[in-house]
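Quick note: residue numbers are just sequence positions, from 1. The analysis underlying the following values was restricted to heavy atoms, covering all of them including side chains, and did not include hydrogens, waters or symmetry mates.
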Amino acid sequence: MFVFVSGRGFATGRISLGEIQVVKVTEFDRVWKCGTSRGKLRCASFYKPVGIPEGFHCLGHYCQPNNQPLRGFVLAARANKPGHLADDHRPPLKKPLNYSLVWSSDSDCYFWLPNPPVGYRAVGVIVTDGSEEPEVDEVRCVREDLTESCETGEKVLGVGSFNVWSTKPCERGIWSRGVEVGSFVCSTNDLSSDNKAAMNIACLKNLDPSLQGMPNLDQVHALIHHYGPMVYFHPEETYMPSSVPWFFKNGALLHRFGKSQGEPINSAGSNLPAGGENDGSFWIDLPEDEEVRSNLKKGNIESSELYVHVKPALGGIFTDVVMWIFCPFNGPATLKIGLLTVPMNRLGEHVGDWEHFTFRISNFNGDLTQMFFSQHSGGGWVDVSDLEFVKGSNKPVVYSSKHGHASFPHPGMYLQGPSKLGIGVRNDVAKSKYMVDSSQRYRIVAAEYLGEGAVSEPYWLQFMREWGPTIVYDSAAEINKIIDLLPLILRNSFESLFPIELYGEEGPTGPKEKDNWEGDEIC
């Protein structure tokens with residue numbers, strides 16, 4: 001558990017959303033465990049929250065697949081001033097009028113949707129093991145202006161036409177205020193992303209402008225010291241990370257469209273053009289001198305540091321600590337074609353490689369809940385129970401792939417491409433003596449929720465152009481070599497088998513130009 005540092009409303013167990021206050025409930029009694037469906041194991045369990053603090057009310061039940069440890073949550077809520085709104089006709093929470101039966105299974109499980117009063121929304125479903133309609137006191141509905149629209153998340157269960165999904169706010173990111181309740185939605189109809197009108201469940205909305213549940217700056221430092229991951233680079237890595245100032249001081253050049261010569265960049269990056277848009281007017285490149293260029297490509301792990309962006313997630317009930325790592329150069333790709341490994345000479349190379357990973361903290365108690373591992377243009381979330389940790393610590397391990405620097409949670413070889421065919425780009429990761437401890441070597445570069453001036457952004461963060469030149473590979477020979485190794489049936493599908501960046505690449509942009517700077521990670 002996180003070592004508490006006092007201040008704001010972080011890690012106090014309760015979070016104010018404005019007119020309502022919520023707590024996170026993680027104790028459950030199982031109501032029903034499903035069996036198999038159509039010969040395939042699609043087993044999930046449904047739980048009623050227990051141990052809800054006095055004065056708080058259930059908003060919905062919880063469910064999850066049975067192949068995972070039980071570690072989810074649902075929120076319970078109360079009016080922020082209990083009793084004060086007792087005779088108000090528009091209190092923040094109200095009992096449902098009654099329930100609609102959505103579906104039942106062999107007379108041992110019943111799914112009920114609360115029917116809210118006019119001007120209120122249901123935010124969760126409840127499950128019973130008997131056919132009798134639940135009491136209206138079982139759950140509360142939420143006043144409509146205190147809710148946000150939501151959409152389906154992970155599909156948890158499918159039995160014939162009946163399906164169950166987790167839910168998440170439709171809008172996610174640092175300026176969005178939708179709050180995940182932790183319950184689920186179920187239906188015998190289509191609730192796909194293009195049929196949102198059919199959604200009869202809402203999320204909560206954080207209307208507290210100060211986001212009191214978020215950590216203050218001292219708490220952020222404490223979180224990083226406590227959870228900051230250890231980043232391991234491959235033992236055969238050629239292109240190490242460096243700090244941005246080291247990259248600038250050791251020869252990086254700013255190029256301007258229409259000028260043949262680049263100009264040196266000072267160590268702070270203060271002579272880089274700030275703001276604007278990526279219009280092709282400026283870009284960064286390596287120097288022409290071959291020796292200096294070669295040394296710059298290799299990076300300098302001794303100077304390397306993680307650049308940290310701290311931001312609210314899912315309406316401020318979580319904190320995302322995003323850690324960006326910079327490498328002066330991204331090396332060539334290695335392809336896997338069946339049993340063959342084919343190293344490329346240039347395909348996949350580019351100047352200025354920005355990669356990141358994110359760890360997500362619960363603002364109720366300061367616990368680490370998940371990590372996002374960025375992998376080129378994709379990536380995914382990994383639950384804390386599936387992470388590897390540095391022995392004797394709370395620090396997760398991040399493995400950086402050879403030459404490409406994508407992040408992975410465990411050692412091994414990860415294939416980017418149609419893995420069922422055994423064809424794609426290799427991402428090889430392993431532990432080595434090359435490592436960066438992000439809990440000690442970091443710099444907080446942005447935390448917008450703390451207000452203007454709380455964090456000093458470096459000049460280079462405002463550079464919205466490309467950190468490398470646009471490259472068009474003269475790679476016919478290499479591509480032909482690959483095509484010759486493919487089975488005849490796949491040769492005409494070459495472009496769909498391998499990432500588009502193998503054919504050429506625009507220079508990568510910096511962290512602030514990435515979608516996840518203001519938005520959520522890819523889900």
Side-chain angles (χ1 to χ4, degrees), residues 10 13-18 20-26 28 46-47 49 52 56-65 68 70-77 92-93 114 121-126 139-142 144 146-156 164-186 191 193 196 199-208 211-214 311-320 358-372 380-384 449 516 519-523:
F10 175 71
R14 300 178 179 186
I15 294 176
S16 170
L17 304 182
I20 63 174
Q21 186 181 72
V22 292
V23 295
K24 180 179 177 181
V25 181
T26 57
F28 302 102
F46 295 82
Y47 300 87
I52 297 174
F56 286 82
H57 302 282
C58 175
L59 298 175
H61 288 184
Y62 173 73
C63 72
Q64 70 167 51
Q68 302 171 4
L70 179 59
R71 56 172 308 275
F73 73 93
V74 289
L75 300 184
L93 304 173
R121 299 291 306 276
V123 295
V125 174
I126 64 174
V139 71
R140 292 295 186 271
C141 300
V142 183
E144 193 167 17
L146 306 180
T147 68
E148 282 275 19
S149 59
C150 65
E151 62 186 13
T152 56
E154 176 189 4
K155 186 174 180 178
V156 181
V164 177
W165 301 265
S166 63
T167 62
K168 57 186 177 182
C170 292
E171 301 295 329
R172 300 178 296 279
I174 61 176
W175 309 117
S176 302
R177 293 294 177 259
V179 173
E180 181 180 348
V181 175
S183 189
F184 58 91
V185 63
C186 58
L191 292 183
S193 59
K196 292 177 183 176
M199 288 287 285
N200 45 29
I201 292 293
C203 290
L204 296 177
K205 185 176 184 178
N206 192 343
L207 293 172
D208 176 8
L211 295 180
Q212 291 182 10
M214 293 291 293
K311 59 181 187 176
L314 298 175
I317 66 169
F318 293 96
T319 295
D320 277 0
T358 298
F359 61 89
R360 178 165 285 180
I361 300 296
S362 168
N363 290 344
F364 289 99
N365 53 17
D367 283 352
L368 174 66
T369 64
Q370 289 179 302
M371 276 194 67
F372 183 85
W381 288 101
V382 176
D383 285 339
V384 67
Y449 73 92
N516 74 303
D520 198 6
E521 301 288 1
I522 298 169
C523 296

- Can I126 and H61 be said to form a side-chain contact (heavy atoms from CB on, under 4.5 Å), step by step? CA-CA 5 Å; I126 64 174; H61 288 184; 3.6 Å; yes
- Item | Side-chain touch F10/I361, heavy atoms, less than 4.5 angstrom | yes
- Item | Rounded distance (nearest 0.5 Å) linking atom CG of L146 with atom CD1 of I20 | 6.0 Å
- Item | Close side-chain approach of R177 and L207, heavy atoms under 4.5 Å | no
- Message: Please check this pair: side chain of N363 against backbone of G316, looking for a donor-acceptor N/O pair closer than 3.5 Å.
- Response: yes
- Task: Pick out which of E180, E151, E521 makes a salt bridge (charged side-chain N to carboxylate O under 4.0 Å, His left out) with R172.
- Result: E151
- Message: Is there a side-chain contact between V185 and N200 in this structure, where contact means two heavy atoms from C-beta onward sitting under 4.5 Å apart?
- Response: yes
- Could you tell me whether the side chain of S166 and the main chain of E154 form a donor-acceptor pair under 3.5 Å? yes
- Query: Is S362 reaching over with its side chain to a backbone N or O of F364, donor-acceptor style, under 3.5 angstrom?
  - Reply: yes
- For the student: nearest non-hydrogen atoms of C58 and I52, plus distance: CB-CD1, 3.9 Å
- Message: Let me confirm one number: the CD-CG distance from Q212 to N206, rounded to the nearest 0.5 Å.
- Response: 9.5 Å
- Query: Between I201 and V125, is a side-chain contact (heavy atoms from CB on, under 4.5 Å) present by the stated rule, with each step listed?
  - Reply: CA-CA 8 Å; I201 292 293; V125 174; 4.1 Å; yes
- Task: Quick one: closest heavy-atom pair of A122 and P114, and the distance?
- Result: CB-O, 3.7 Å
- Task: Quick one: list whatever passes side-chain contact (heavy atoms from CB on, under 4.5 Å) with R360, sequence neighbours left out.
- Result: A313, L314, F318, D320, T369, Q370, W381, D520
- By ring-ring contact (aromatic ring centres under 6.0 Å, His included), Y62 pairs with (sequence neighbours left out) F28
- Taken in chain and number order and not counting sequence neighbours, the residues that satisfy side-chain contact (heavy atoms from CB on, under 4.5 Å) with C203 are C150, P169
